[in-house]
Amino acid sequence: MHKWSELFIPTLREAPADAEVASHKFLVRAGYIRQLMAGVYSFLFLGNRSFNKIMGIVREEMDKIGQEFFLPALHPRELWEASGRFALMGENLFKLKDRKGAELVLGMTEEEVMTSIALKELRSYKQLPQIWYQIALKFRDEPRPKSGLLRVRQFMMKDAYSFDIDAAGLDVSYKKHYDTYCRIFDRCGLKYMVVEADSGAMGGKESHEFMVRTPAGEDHIVSCDGCNYAANLERATSKLETWGDLAPEGDGKPLEVHTPGQKTIEEVARFLGVSPKNKIKTLALMAEAPPDKKSDKKADNAGKPRSRAIVVLMRGDHQLNEAKLNAVIGGAARPMDEAEIKALFKSPAGYLGPFGIEWAKDAKKDAALPVLLVDKALEGRSNLIAGANKEDYHLKNLTPGKDFHPTAYADLRAVTAGEGCPNCGNSLRIDTAVEIGHIFKLGYRYTKMMGARVLDKNGKEVTPIMGCYGIGIERILTAAIEQSNDENGFWLPPSIAPFQIVVTPVNVKDESLLKAATDIATRLEAAGFDVLLDDRNERPGVKFKDADLVGIPFRITVGNKVTEGTVEVVLRSTREVRDVMIATLVEYFQGVLPAKA
RNA sequence: CGGGGAGUGGCUCAGCCUGGUAGAGCACCUGGUUCGGGACCAGGGGGUCGGAGGUUCAAAUCCUCUCUCCCCGACCA
């Protein structure tokens with residue numbers, strides 16, 4: 001029997017001053033967590049209880065499709081160099097040295113460790129498929145931890161990895177995870193949505209994120225209320241309204257117009273009396289290839305990435321989506337500095353355009369030439385206006401493919417709210433959301449790089465194909481709180497609440513009340529419910545406030561109606577109160593709560 | 001890493017500008033009265049004022065350096 005009077009549940013009347021989001025404030029106020037340092041939290045009794053329940057659900061469901069491992073958090077640096085992620089993850093990796101000076105890292109995820117096991121042990125197609133998972137701490141040296149448990153440097157993650165003989169097998173493993181994730185989040189009582197996700201610089205064809213809408217979230221998701229389209233803003237597309245091209249002027253060749261002092265898209269469009277939609281926005285960027293590990297070791301080359309000029313053209317009123325660009329160029333890009341702009345365009349910023357520059361026809365073959373990426377919204381357009389690469393001048397009559405030759409067309413545009421759904425044309429909405437899970441068709445990257453091989457049916461060596469699948473345990477808790485809170489506290493779904501029911505005798509000095517409450521708690525516990533007895537010698541108001549705060553979905557108030565054989569059952573979420581006969585309490589809760597397994 | 005803000009008892013904060021005995025509310029301990037929505041009375045404990053250096057007869061307060069935390073941005077399979 002859990003008695004509040006004997007437990008450490010340090011509730012606070014006020015939230016710490018540095019908490020901003022609801023889940024952070026309430027987790028601290030409810031005595032779930034305490035901060036140790038930026039992005040690192042201790043879980044106290046209630047927090048740990050809830051945490052364990054979440055992990056229990058995750059484990060139960062994962063065990064249906066995979067096998068649980070427990071892997072080290074401490075990895076040798078070499079392992080991460082073998083996969084190429086040591087350089088790729090850069091500062092986000094926690095690094096340390098042991099007493100012998102050997103370099104170690106703290107694991108962010110376990111692709112390398114899992115793959116190293118796979119490559120040593122898996123020999124035959126007969127051993128595939130495999131799904132291996134673990135629930136363990138992960139470490140990321142976040143540049144900016146924030147929002148309590150939402151963005152931390154040490155966190156609990158369920159990460160799973162699948163190994164299949166071929167892509168069709170991966171499809172099956174992927175689908176299993178998709179369905180399992182839905183079951184897990186359903187059981188955790190979350191209102192979530194599944195969105196198409198950016199697979200990022202790691203490659204991979206297909207990826208879905210499991211998202212919970214909340215203003216506290218850092219991700220932006222685009223979705224359609226008219227159909228089931230939903231995607232991360234990083235990869236969302238939309239249907240565009242068609243926009244009329246301008247008629248050619250003069251002989252139809254690029255025509256210089258004087259635009260003194262007009263630099264921005266808006267200024268030029270207004271000055272020339274056209275819409276920004278007939279303008280080209282020219283973005284001058286430099287792609288920084290990640291420093292490769294060989295040249296990195298030579299002192300004189302250390303930290304000097306090779307740069308490549310990337311010029312991006314967008315429709316005048318559109319914004320570049322950096323995640324899409326990164327996916328296209330396979331890395332990150334930064335804006336050019338003034339000298340770099342001068343060197344390429346021979347013109348000051350504000351008058352840049354694609355005309356008169358030799359662009360790479362093939363990004364790889366023409367490595368010496370700058371790359372011109374043109375957003376698909378400009379494909380097929382004609383007589384557009386761009387800078388003339390000459391101070392105070394712009395060019396009219398520019399038609400892509402005729403007056404300049406893009407290296408490639410690509411979808412690079414950031415979707416904005418209200419644009420048309422690519423499936424059904426309805427108006428799209430954009431919401432912020434928290435990512436609670438991510439599934440990912442990894443492909444061959446790790447198995448290939450690290451040299452995993454198995455024999456197929458024909459005795460031929462093939463590289464197994466991988467998928468990886470993550471769930472943020474803390475984020476399930478925070479998302480649940482963000483979803484269900486009011487000014488007094490929060491309520492968790494019974495499946496993940498630290499207790500399902502709190503029994504509150506209004507006055508413990510009245511021995512008959514305390515006894516009645518204790519009996520009720522005992523009986524409910526015997527029936528398999530998770531019960532907390534608030535036997536503290538506090539005034540009822542204090543106990544009610546605490547009960548409202550700490551996330552327990554049901555409260556039983558044991559008061560003077562006990563003499564009539566009745567207590568009050570309060571549903572925290574709605575504040576709905578109903579009188580229930582003590583004799584029928586167990587049946588009542590069996591009707592509204594699943595009993596503990 | 002760029003920009004902004006904050007470090008004073010367990011929590012929330014005042015005091016700093018204009019240097020001179022460290023404060024309030026909540027929490028905590030003791031006694032008493034209370035007891036269906038964060039009670040009241042009386043008494044009490046608890047603070048290196050983030051740290052170091054400096055100016056001064058005297059520093060929470062002024063100056064320099066530094067550490068930490070929060071927010072915005074950058075970053076974020």
Side-chain angles (χ1 to χ4, degrees), chain A residues 10-21 24-25 28-29 31 34-40 83-85 88-93 108-112 138 140-148 150-153 155 157 159 161 197-209 217-220 232 234-235 322-323 326-327 330 332-335 434-435 437-443 445-446 466-470 472 487-489 504-510 513 534 536-549 555 557-562 567-568 570 575 577:
Chain A
T11 58
L12 299 175
R13 189 179 294 218
E14 284 171 289
D18 51 20
E20 293 267 318
V21 301
H24 186 194
K25 287 181 187 166
V28 174
R29 282 193 56 201
R34 289 293 184 264
Q35 183 175 41
L36 182 62
M37 56 179 170
V40 179
S83 70
R85 289 168 102 202
L88 195 71
M89 291 307 165
E91 300 274 83
N92 285 322
L93 253 190
M108 300 172 73
T109 55
E110 305 279 343
E111 277 85 351
E112 286 80 3
K138 301 291 180 296
R140 286 186 194 182
D141 195 357
E142 286 285 346
R144 186 149 96 80
K146 56 180 280 200
S147 307
L150 271 180
R151 186 173 201 70
V152 286
R153 299 197 290 170
F155 56 98
M157 179 173 172
D159 50 321
Y161 306 85
D198 177 34
S199 44
M202 300 300 289
K205 290 143 217 103
E206 200 176 350
S207 175
H208 286 91
E209 285 166 330
E218 299 184 282
D219 277 291
H220 295 269
N232 194 306
E234 291 177 343
R235 67 163 280 157
E322 282 183 47
N326 291 351
R334 59 165 174 84
V434 171
E435 178 189 350
H438 196 164
I439 58 177
F440 206 97
K441 289 188 182 174
L442 257 188
R445 181 194 156 91
Y446 293 90
M466 278 180 83
C468 69
Y469 317 88
E487 67 281 0
N488 294 309
T504 308
V506 294
N507 183 355
V508 297
K509 285 196 177 157
D510 179 337
L513 280 188
D534 190 354
R536 293 175 299 167
N537 180 21
E538 289 285 353
R539 297 165 60 82
V542 172
K543 302 212 272 190
F544 293 155
K545 288 287 183 190
D546 272 346
D548 285 350
L549 176 61
R555 186 180 86 215
T557 309
V558 181
N560 44 28
K561 285 181 223 163
V562 161
V567 290
E568 288 168 8
V570 185
R575 294 290 173 96
V577 181

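No hydrogens, no waters, no symmetry mates; every other heavy atom, side chains included, goes into these values.
- The shortest distance between the side-chain N/O atoms of A:Gln35 and the OP1/OP2 oxygens of B:C70 is below 4.0 Å.
- Among the protein residues, A:Asp510 comes within range of no part of the nucleic acid, since none of its heavy atoms lies under 4.0 Å from any strand.
- The base of B:G10 lies outside donor-acceptor range of the side chain of A:Arg29, with no N or O pair under 3.5 Å.
- With hydrogens and angles ignored, no donor-acceptor pair closer than 3.5 Å exists between the side chain of A:Arg144 and the base of B:G4.
- Closest to the A:Val506 side chain, of the nucleotides B:G36, B:U12, B:U34, is B:G36.
- Rounded to whole Å, the P atom of B:U68 lies 31 Å from the corresponding atom of B:U56.
- Ion pairing between a basic and an acidic side chain is recognised when a charged N comes within 4.0 Å of a carboxylate O; A:Arg445 and A:Glu111 show no such pairing.
- Atom C1' of nucleotide B:C35 and atom CG of A:Leu513 are separated by 11 Å, given to the nearest angstrom.
- For A:Arg140 (side chain) and A:Leu93 (main-chain N/O), no donor-acceptor pair under 3.5 Å exists by modelled atom type.
- A:Asp546 places its CG atom 17 Å from the P atom of B:G36, with the value rounded to the nearest Å.
- For B:A27, the base has no donor-acceptor partner in the side chain of A:Arg13 [N/O atoms by modelled type, under 3.5 angstrom].
- Between A:Arg539 atom CZ and B:C40 atom P there is a gap of 8 Å when expressed in whole angstrom units.
- Atoms CG (A:Asp534) and P (B:G36) sit 15 Å apart, rounded to a whole Å.
- A donor-acceptor contact under 3.5 angstrom links the side-chain atoms of A:Glu568 to the base of B:G36.
- The separation between A:Phe155 atom CZ and B:C76 atom P is 15 Å, rounded to whole Å.
- The cationic group of A:Arg555 lies under 6.0 Å from the six-membered ring centre of A:Phe544 and within 45° of the ring axis, placing it in a cation-pi geometry.
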